[in-house]
2 protein chains.
Amino acid sequence: MAVTIYDVAKRAGVGIGTVSRAMNDNPGINPATKARVLGVVKKLNYQPHTLAQSLARKKTFSIAAVVPFFTNYFFIELLKSITAFLSRNNYNLILYNVDTHYKWERTLDRVLADRSTDGILVISIGVSDEYADRLLANTVPAVIVDNLNYKIDSVAVANRQGAREATEHLIKLGHKKVGMIDGHLSSFPAISRLQGYKQALLENDLPFDDELLVICDAKIGEHGFNEIAGYKAMKEVLQLGSKMPTALFVASDVQALGVMRAVKEAGLHIPDDLAIVGFDDIEFSRFIGLTTMRQPFGKMGRLGVERLFDLMNGKADAGFHKELKAELIVRESCGGEKSFSAGTDCECKKY
Amino acid sequence: MAVTIYDVAKRAGVGIGTVSRAMNDNPGINPATKARVLGVVKKLNYQPHTLAQSLARKKTFSIAAVVPFFTNYFFIELLKSITAFLSRNNYNLILYNVDTHYKWERTLDRVLADRSTDGILVISIGVSDEYADRLLANTVPAVIVDNLNYKIDSVAVANRQGAREATEHLIKLGHKKVGMIDGHLSSFPAISRLQGYKQALLENDLPFDDELLVICDAKIGEHGFNEIAGYKAMKEVLQLGSKMPTALFVASDVQALGVMRAVKEAGLHIPDDLAIVGFDDIEFSRFIGLTTMRQPFGKMGRLGVERLFDLMNGKADAGFHKELKAELIVRESCGGEKSFSAGTDCECKKY
DNA sequence: ATGAAAGCGCTAACAG
DNA sequence: CTGTTAGCGCTTTCAT
């Protein structure tokens with residue numbers, strides 16, 4: 001077996017209490033004994049047993065992250081900043097994957113029952129009001145990242161502002177018929193982005209035209225935020241014939257990928273026949289020259305854990321609902337200076 | 001506080017031992033009492049405290065996965081299959097991110113010291129022989145995924161076979177001057193893929209030409225397996241002028257992305273001026289029509305955990321070094337039937 | 001300042 | 001079959 005606190009105590013000729021005090025930088029301890037104990041600790045290479053500590057302290061030193069893996073891999077960026085923070089604070093990350101949007105409740109229940117974590121990060125999941133109450137009733141705090149529920153602290157991108165800005169970009173370029181392809185409206189980001197789109201139209205005295213809005217079917221994958229849904233949606237847009245919009249705000253980059261495919265198949269050209277701007281700025285977007293709204297995932301993750309830690313440490317003030325601004329990244333899919341050339345083009349300044 | 005085993009025992013009028021036995025489906029227990037206890041358990045909504053169980057059983061019910069996050073996101077596929085398996089077995093996954101290839105030892109040391117896991121999955125990391133000994137000395141078993149060290153059980157793709165097949169594909173297409181762009185040779189996959197490339201040349205009576213091989217600088221990112229490294233490598237190949245190869249096996253798809261960019265900048269065309277085949281089959285490869293060797297990540301992850309569980313349960317036989325075949329995915333970057341058109345082209349059959 | 005002892009919540013060996 | 005007890009390895013009073 002591994003060396004325990006008793007081994008150290010015996011070897012140092014002290015009680016286990018003293019060893020514990022020495023290890024945990026307890027104030028009331030003789031510097032001399034402390035040094036002696038720590039010497040033995042080093043010699044024996046003693047490492048406190050985390051689980052035993054957890055049980056005694058009623059603190060697990062780890063947090064849970066519940067993530068739907070099928071979302072477009074951008075959660076990696078979130079995870080990166082989260083693990084970086086946790087690692088600095090000697091905390092562990094227990095990762096839970098929910099395969100579908102419909103199974104997250106069961107997973108979350110398991111996390112709560114488990115008591116293996118001091119806090120929960122609920123990522124990219126639309127928590128229902130009823131479930132929010134359950135979360136609130138629990139002792140372990142939770143914060144929602146990349147989504148919103150007013151009962152639970154959260155940090156997300158400013159979907160509405162982003163969508164507005166995206167649409168406005170198109171309008172400023174001179175487009176009068178700006179359409180939108182959105183995810184299913186059962187999803188919070190889809191709703192907010194639609195609002196932003198409408199707002200931009202309104203602010204620029206452009207009429208909102210039902211025909212120019214295509215909502216992806218939720219049945220096509222999760223919330224319709226995927227390539228194939230974008231492809232099908234674009235097919236619908238193509239049906240419009242002469243009534244077709246000259247520009248399109250697509251609610252996510254992956255959908256935009258599908259849109260581009262459909263456009264190409266139709267023998268049309270981007271941005272000449274259709275200007276598009278996406279949302280997310282996934283890794284691949286720069287390769288295909290897609291103008292899009294960049295989400296600050298790193299910052300989102302960091303702010304999320306930070307808030308969670310505040311909650312865990314009781315230094316949380318009132319409700320917290322941070323909205324991070326999305327940033328417009330102009331590339332070639334809207335025309336302008338540079339003409340769009342499909343392919344492996346990318347912004348080289350980024351390197 | 002939450003309900004404990006004592007609460008249940010008192011309420012059911014039994015000892016805590018009986019409650020424990022009822023919960024753990026212990027054989028020697030009266031079905032009637034068991035039912036009664038379980039009834040109380042349900043009524044009180046009792047959930048055993050995982051940490052306390054862990055301490056008593058000397059078993060944590062969780063495994064660690066140490067992953068370099070910067071690798072090309074394909075580890076998500078690994079994680080998916082791993083979490084699926086763990087979830088089925090009521091195990092948790094503790095995720096550790098190593099930001100650079102040089103810091104993994106410290107992280108792994110921490111994992112070992114922590115004693116919070118029953119097993120360790122070391123992913124995409126080249127474990128040194130010295131460190132392998134340290135791993136072996138430890139009581140908690142480890143298996144390496146997507147890499148190789150003969151001292152530790154592992155599952156990886158058959159890099160050599162894959163590279164051979166990729167190169168052979170090019171040769172069969174009639175190419176006589178087939179070059180290669182590889183990652184830095186400090187990485188195991190880079191070495192094996194080079195061997196496969198050479199083998200294919202040899203088997204087809206083609207000479208190996210030093211000039212046609214470009215090794216990416218390890219200083220450019222980690223092991224040179226990235227876009228910018230591929231770009232720079234291709235620039236070198238372009239220098240060859242008339243001696244340029246007509247086809248190229250690129251050791252990874254991300255590098256291939258860089259290659260394509262450089263080719264385009266040079267005003268050349270794929271596959272007419274240069275045929276290329278990559279390795280990995282990352283998500284975007286199908287969008288750009290890249291012919292490549294697909295790695296069976298899902299299977300890799302599954303076999304990895306399965307082996308780890310065997311190890312943990314003592315049913316492990318001799319050393320285990322599984323090599324999974326890579327599969328050639330033919331798209332447009334090598335010419336053939338379909339002519340290559342850069343852009344958002346993709347195989348639609350896949351949907 | 002420090003040793004002894006009482007938990008933390010559970011499992012498992014030991015008596016009955 | 002089942003109640004009791006002794007740990008698991010550590011933290012934290014409580015005396016001293």
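Values reported hereafter were calculated over all heavy atoms of this structure, with side chains retained and with hydrogens, waters and symmetry mates removed. Every chain is numbered from 1 and lettered A, B, ... according to where its sequence line falls, protein lines coming before strand lines.
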Margin query: Report for the helix from C:dA1-D:dT16 to C:dG16-D:dC1: angle between first-end and last-end helix axes, five pairs each, rounded to 10 degrees.
Written below: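 What I find for the helix from C:dA1-D:dT16 to C:dG16-D:dC1 is an axis angle of 50°.
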For nucleotides 14-16 of chain C, print each protein N/O atom paired with a nucleotide N/O atom at under 3.5 Å, atom names and distance only.
none

Note to self: The criterion is salt bridge (Lys or Arg N to Asp or Glu O under 4.0 Å); which residues satisfy it with B:K80, sequence neighbours excluded?
What the structure shows: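 For B:K80 the salt bridge (Lys or Arg N to Asp or Glu O under 4.0 Å) partners, ignoring immediate neighbours, are B:E77.
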Next item on the list: State which residues pass salt bridge (Lys or Arg N to Asp or Glu O under 4.0 Å) with B:R57; sequence neighbours excluded, sorted by chain then number.
Entry: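 With neighbours one apart ignored, the set is empty.
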Next item on the list: Mind calculating the distance between CG (A:N26) and C1' (C:dA1) to the nearest angstrom?
Entry: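 Roughly 11 Å, once rounded to whole Å.
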Checklist line | Integer-rounded Å distance: C:dC10 P and B:K59 NZ | finding: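 Taking NZ of B:K59 and P of C:dC10, I get 17 Å after rounding.
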Would the distance check show the side chain of [X] and the main-chain N or O of [Y] forming a donor-acceptor pair, the cut-off being under 3.5 Å?
{"X": "A:N149", "Y": "A:V127", "result": "yes"}
{"X": "A:N159", "Y": "A:P189", "result": "no"}
{"X": "B:D146", "Y": "B:I123", "result": "no"}

Note to self: I need the full list of ring-ring contact (aromatic ring centres under 6.0 Å, His included) pairs touching residues 107-158 of chain A, with sequence neighbours left out, sorted by first then second residue.
What the structure shows: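 Every ring-ring contact (aromatic ring centres under 6.0 Å, His included) pair that includes a residue of residues 107-158 of chain A, provided the two are not neighbours, is A:W104-A:Y131, A:Y150-A:H321.
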Next item on the list: Classify the nucleic acid contact of B:V14 as base, sugar-phosphate or nothing, counting any heavy atom under 4.0 Å across all strands shown.
Entry: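 Sugar-phosphate, backbone atoms only, no base.
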Check: When all nucleic acid strands are considered with a 4.0 Å heavy-atom cut-off, which category describes A:T33: base, sugar-phosphate, or nothing?
Finding: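 Sugar-phosphate only.
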Next item on the list: Step by step, work out the side-chain contact (heavy atoms from CB on, under 4.5 Å) result for B:F61 and B:N92.
Entry: CA-CA 6 Å; B:F61 307 103; B:N92 285 338; over 6 Å; no
Notebook entry, point to check: Which residues within residues 36-44 of chain A lie with some heavy atom under 4.0 Å of an atom in DNA chain C?
Noted result: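 The stretch gives none, as no residue of it lies under 4.0 Å from the strand.
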Checklist line | 5′-ward residue of the pair A:I16/A:P31 relative to DNA chain C | finding: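 Whichever sits nearer the 5' end wins; that is A:P31.
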Do any N or O atoms of the protein come closer than 3.5 Å to N or O atoms of nucleotides 7-9 of chain C, and which pairs are they?
residue : atom : partner : partner atom : Å
C:dC8   : O3'  : A:K58   : NZ           : 3.0
C:dC8   : O2   : A:A56   : N            : 3.4
C:dG9   : OP1  : A:K58   : NZ           : 3.1
C:dG9   : N2   : B:A52   : O            : 3.4

Next item on the list: Output yes when A:D7 and A:R11 qualify as a salt bridge under the 4.0 Å nitrogen-oxygen rule, no when they do not.
Entry: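 Salt bridge absent between A:D7 and A:R11.
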Would you give me the side-chain donor-acceptor pairs under 3.5 Å for residues 299-315 of chain A, sequence neighbours excluded?
residue : atom : partner : partner atom : Å
A:R307  : NE   : A:D153  : OD2          : 2.6
A:R307  : NH1  : A:D317  : OD1          : 3.0
A:R307  : NH2  : A:D153  : OD2          : 2.6
A:R307  : NH2  : A:A318  : O            : 2.9
A:N313  : ND2  : A:F309  : O            : 3.0

Note to self: Going by ring pair (Phe, Tyr, Trp, His ring centres under 6.0 Å), name the residues that satisfy it together with A:F188, two or more places apart in sequence or in a different chain.
What the structure shows: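 With neighbours one apart ignored, the set is empty.
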Next item on the list: With a 4.0 angstrom cut-off to heavy atoms of chain B, pull out the first and last contacting nucleotide of DNA chain D, in 5'-to-3' order.
Entry: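 That gives a stretch of D:dC1 to D:dG9.
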Next item on the list: Taking the side chain as every heavy atom from C-beta outward, state whether A:I63 and A:I120 have any pair of such atoms under 4.5 Å apart.
Entry: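 Sidechains of A:I120 and A:I63: no contact.
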Next item on the list: Check whether any side-chain heavy atom of B:E323 sits under 4.5 Å from a side-chain heavy atom of B:S154, and report yes or no.
Entry: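 Side-chain contact under 4.5 Å: no.
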Next item on the list: Only counting residues at least two apart or in another chain, list the ones meeting side chain to side chain donor-acceptor pair (under 3.5 Å) with A:T50.
Entry: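 For A:T50 the side chain to side chain donor-acceptor pair (under 3.5 Å) partners, ignoring immediate neighbours, are B:D114.
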Next item on the list: Applying side-chain contact (heavy atoms from CB on, under 4.5 Å), run through B:R134 and B:N138 and close with a yes or a no.
Entry: CA-CA 6 Å; B:R134 184 133 44 128; B:N138 202 280; over 6 Å; no
Next item on the list: With sequence neighbours excluded, give me every salt bridge (charged side-chain N to carboxylate O under 4.0 Å, His left out) pair touching residues 26-40 of chain B.
Entry: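 Salt bridge (charged side-chain N to carboxylate O under 4.0 Å, His left out) check on residues 26-40 of chain B returns B:D25-B:K34.
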